[in-house]
Amino acid sequence: MAALASAFAQEEHPSARTSLSLQVASDPAPEKCRRIEATHSVFGITTMHRTFNDDFNEHPLSRGKWIPHYAGGAAWPDARYWGGDGSDFKRKTAWNGEQQIYVDPRYAGRGTTPLGLDPFKVSNGILSIVASRTPPELKNVLFDNEYISGILTTQSVFAQKYGYFEIRAKIPVGIGVWPAFWMLADDGGWPPEIDILEGRGQRPGTMVMTTHWRNPETGLVNSCGFDFVVPTASSEFHDYGALWQRDRITYYIDRKPVADIAVPPGYDDPAYMIVNLAMGAKNFQGVGFVSAESPATVAFEIDRISAFQIDP
């Protein structure tokens with residue numbers, strides 16, 4: 001389905017809110033991101049209606065809301081997503097130094113027969129994206145990656161320009177553990193990128209929210225964001241969100257604004273959502289490469305992912 005500026009409505013769930021109001025700073029948005037402190041006194045209210053919701057009361061691949069890999073262009077044959085040499089290209093971000101491969105029950109690795117690996121577990125309305133060490137007998141067929149894990153994206157299924165995007169989750173910890181909830185342009189371009197949540201696995205309770213864009217004059221990628229400490233992030237569910245308006249992007253923890261920035265250049269197209277649990281990073285501080293001390297199995301627990309569009 002083509003990306004829509006005003007996204008199509010998803011079916012409702014009785015436990016999920018279909019409308020939402022959020023505080024947003026009403027003074028001019030800064031070109032460089034800033035923290036919004038509790039003493040900030042200039043706020044307005046933005047009202048929204050829900051356009052996407054998953055409470056994870058069933059397997060995330062059962063109803064076509066999510067895709068378990070990065071999507072590609074028209075020149076990428078559909079069969080390449082499911083197996084064969086080179087099929088790992090859409091199942092990790094090698095530039096990051098990641099040491100996992102994203103799998104799902106249909107994925108065959110180097111072969112042609114599905115391996116039946118499922119990193120997505122659902123219990124009592126909680127989705128767990130589970131990363132685990134690759135079984136030795138599957139190491140070669142899974143391109144010698146140290147871990148198998150999972151990713152879910154809404155690329156080509158759901159995309160929206162402007163609005164509020166939120167995850168309710170626990171942030172897992174450990175050496176090499178890198179959970180994330182983020183957004184990219186549905187047209188496949190990069191940047192823009194909105195990182196609503198990235199966990200630093202070696203720094204329990206610490207997560208980062210970041211905006212990325214390309215400077216049109218220099219062509220260089222710029223980034224601006226902040227780390228936040230949520231002491232119970234790994235043991236309790238919290239809400240992490242971003243409100244994308246015409247003039248600013250505001251980040252929220254438990255629906256309280258914590259940072260904002262004027263919308264940078266290049267934020268012109270609808271964006272889709274991504275949630276994943278990577279293992280290993282060469283550039284992202286506080287994660288590091290996996291080691292003998294990394295957990296054999298670790299889960300990114302997610303209670304809900306929602307999107308809202310701003311009311312006219």
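- Using a distance-only test at 3.5 Å, with no hydrogens or angles considered, no donor-acceptor pair links the side chain of Arg91 to the main chain of Trp82.
- Centroid-to-centroid, the aromatic rings of Phe226 and Tyr251 stay 6.0 Å apart or farther.
- Nearest heavy-atom pair, Leu142 versus Gly109, reported as atom, atom and distance to 0.1 Å: CD2-CA, 4.2 Å.
- More than 12 heavy atoms of other residues, nucleotides or ligands sit less than 6.0 Å from atom NZ of Lys121.
- Hydrophobic cluster membership is shared by Ile171 and Met279, with clusters built from Ile, Leu, Val, Met, Phe, Trp and Tyr side chains linked at under 4.5 angstrom.
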Residue pair Tyr240, Phe181: steps toward the side chain to side chain contact (heavy atoms under 4.5 Å, CB included) verdict:
CA-CA 9 Å; Tyr240 306 93; Phe181 177 57; 5.9 Å; no
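- Proximity of a side-chain donor or acceptor of Arg110 to a complementary backbone N or O of Asn140 within less than 3.5 Å is detected.
- Tested against Trp182 for a side-chain hydrogen bond (donor to acceptor under 3.5 Å, both in side chains), the candidates Thr153, Asn276, Asp195 yield a single pass: Asn276.
- At least one donor-acceptor pair closer than 3.5 Å links the side chain of Gln160 to the backbone N or O of Phe308.
- To the nearest 0.5 Å, atoms NZ (Lys92) and CD (Gln100) are separated by 6.5 Å.
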Does the pair Arg304 and Asp239 meet the rule for a salt bridge (Lys or Arg N to Asp or Glu O under 4.0 Å), with working shown?
CA-CA 9 Å; Arg304 184 190 67 253; Asp239 296 310; 3.1 Å; yes
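- Between the CG atom in Asp187 and the CD atom in Gln155 there is a gap of 9.0 Å [rounded to 0.5 Å].
- The CD atom of Glu166 lies 10.5 Å from the OH atom of Tyr252; values are rounded to the nearest 0.5 Å.
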Output, in order, the C-alpha distance, side-chain angles, deciding distance and verdict of side chain to side chain donor-acceptor pair (under 3.5 Å) for Thr47 and Asp311.
CA-CA 6 Å; Thr47 63; Asp311 291 335; 2.9 Å; yes
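- Follow the hydrophobic side-chain contacts under 4.5 Å out from Phe300 and you never reach Ile126; the two are in separate clusters.
- Looking at every heavy atom in both residues, Ile151 comes nearest to Phe120 through O-CZ, 3.5 Å.
- Of the options Asp54, Ile274, Ile67, Leu127, a side-chain contact (heavy atoms from CB on, under 4.5 Å) to Leu152 is made by Leu127 and by none of the others.
- Within the 3.5 Å criterion, the main-chain N or O of Ser294 finds a donor-acceptor partner in the side chain of Arg133.
- Between the Lys65 side chain and the Asn53 main chain, a donor and an acceptor come within less than 3.5 Å of each other.
- Side-chain contact, Asn145 with Thr134: no donor N or O sits under 3.5 Å from an acceptor N or O.
- Here the closest non-hydrogen pair linking Ala307 and Phe165 is CB-CD2, 3.8 Å.
- The closest donor-acceptor contact from the side chain of Asp55 to the backbone of Asn57 lies at 3.5 Å or more, if one exists at all.
- By the 4.5 Å heavy-atom criterion applied to side chains, Pro264 and Ile249 are counted as neighbours.
- Checking side-chain atoms of Arg200 against main-chain N and O of Gln285 turns up a donor-acceptor pair under 3.5 Å.
- Paired with Asp260 under the rule side-chain hydrogen bond (donor to acceptor under 3.5 Å, both in side chains), one option of His40, Arg35, Arg248 passes, and it is Arg248.
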Verdict with supporting geometry, Asp227 and Val229, side chain to side chain contact (heavy atoms under 4.5 Å, CB included):
CA-CA 7 Å; Asp227 277 32; Val229 176; over 6 Å; no
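- Looking only at distances, a side-chain donor or acceptor of Asp104 sits under 3.5 Å from a matching main-chain atom of Arg106.
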Could you walk me through whether Glu98 and Lys282 pass the salt bridge (Lys or Arg N to Asp or Glu O under 4.0 Å) test, one step at a time?
CA-CA 8 Å; Glu98 296 173 13; Lys282 71 179 178 183; over 6 Å; no
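- Side-chain contact between Phe143 and Ser87 is present, with at least one heavy-atom pair separated by less than 4.5 Å.
- Grouping the Ile, Leu, Val, Met, Phe, Trp and Tyr side chains by contacts below 4.5 angstrom, directly or via other members, places Met273 with Met209.
- Shown here for Leu61 and Pro68, the closest heavy-atom pair between the two residues is CD2-CD, 4.0 Å.
- Nearest heavy atoms, Gly150 versus Pro119: CA-CG, 3.7 Å.
- Between the side chains of Thr39 and Glu37, not a single donor N or O lies within less than 3.5 Å of an accepting N or O.
- The ring of Trp66 has its center closer than 6.0 angstrom to the ring center of Phe52.
- No more than 12 heavy atoms of other residues, nucleotides or ligands shown are found within 6.0 angstrom of CG on Asn124.
- Using a 30° and 60° split on the angle between ring planes, Tyr70 and Tyr102 fall in the perpendicular class, above 60°.
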Take Val24 and Tyr164 through the side chain to side chain contact (heavy atoms under 4.5 Å, CB included) test and state the conclusion after the steps.
CA-CA 12 Å; Val24 62; Tyr164 180 64; over 6 Å; no
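- Within a 6.0 Å radius of CD in Glu217, other residues, nucleotides and ligands contribute 12 heavy atoms or fewer.
- Within the model, atoms CG of Asp269 and CG of Leu184 stand 12.0 Å from one another, a figure rounded to the nearest 0.5 Å.
- You'll find the side chain of Arg246 stays beyond 4.5 Å of the side chain of Val263, heavy atoms only.
- In the hydrophobic cluster analysis, where Ile, Leu, Val, Met, Phe, Trp and Tyr join through side-chain heavy atoms closer than 4.5 angstrom, Phe158 is grouped together with Tyr267.
- Looking at residues two or more places apart in sequence or on another chain, you find a side-chain contact (heavy atoms from CB on, under 4.5 Å) between Gln202 and Ile175.
- Atom CE of Met207 sits about 5.0 Å away from atom CG of Leu197, to the nearest 0.5 Å.
- Here the side chain of Ser128 pairs no donor or acceptor atom with the backbone of Val130 at under 3.5 angstrom.
- Sparse packing is recorded around CZ of Phe89, with 12 or fewer heavy atoms of other residues, nucleotides or ligands lying under 6.0 Å away.
- Heavy atoms only, all atoms of each residue included: Pro295 and Val173 are closest at CG-O, 4.4 Å.
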After noting the C-alpha distance and the side-chain angles of Leu138 and Ile148, does the key distance pass the side chain to side chain contact (heavy atoms under 4.5 Å, CB included) rule?
CA-CA 10 Å; Leu138 296 180; Ile148 55 175; over 6 Å; no
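- To the nearest 0.5 angstrom, Ile302 atom CD1 is 4.5 Å from Ile167 atom CD1.
- If you chain together hydrophobic residues whose side chains sit under 4.5 Å apart, Ile196 and Trp213 fall into the same group.
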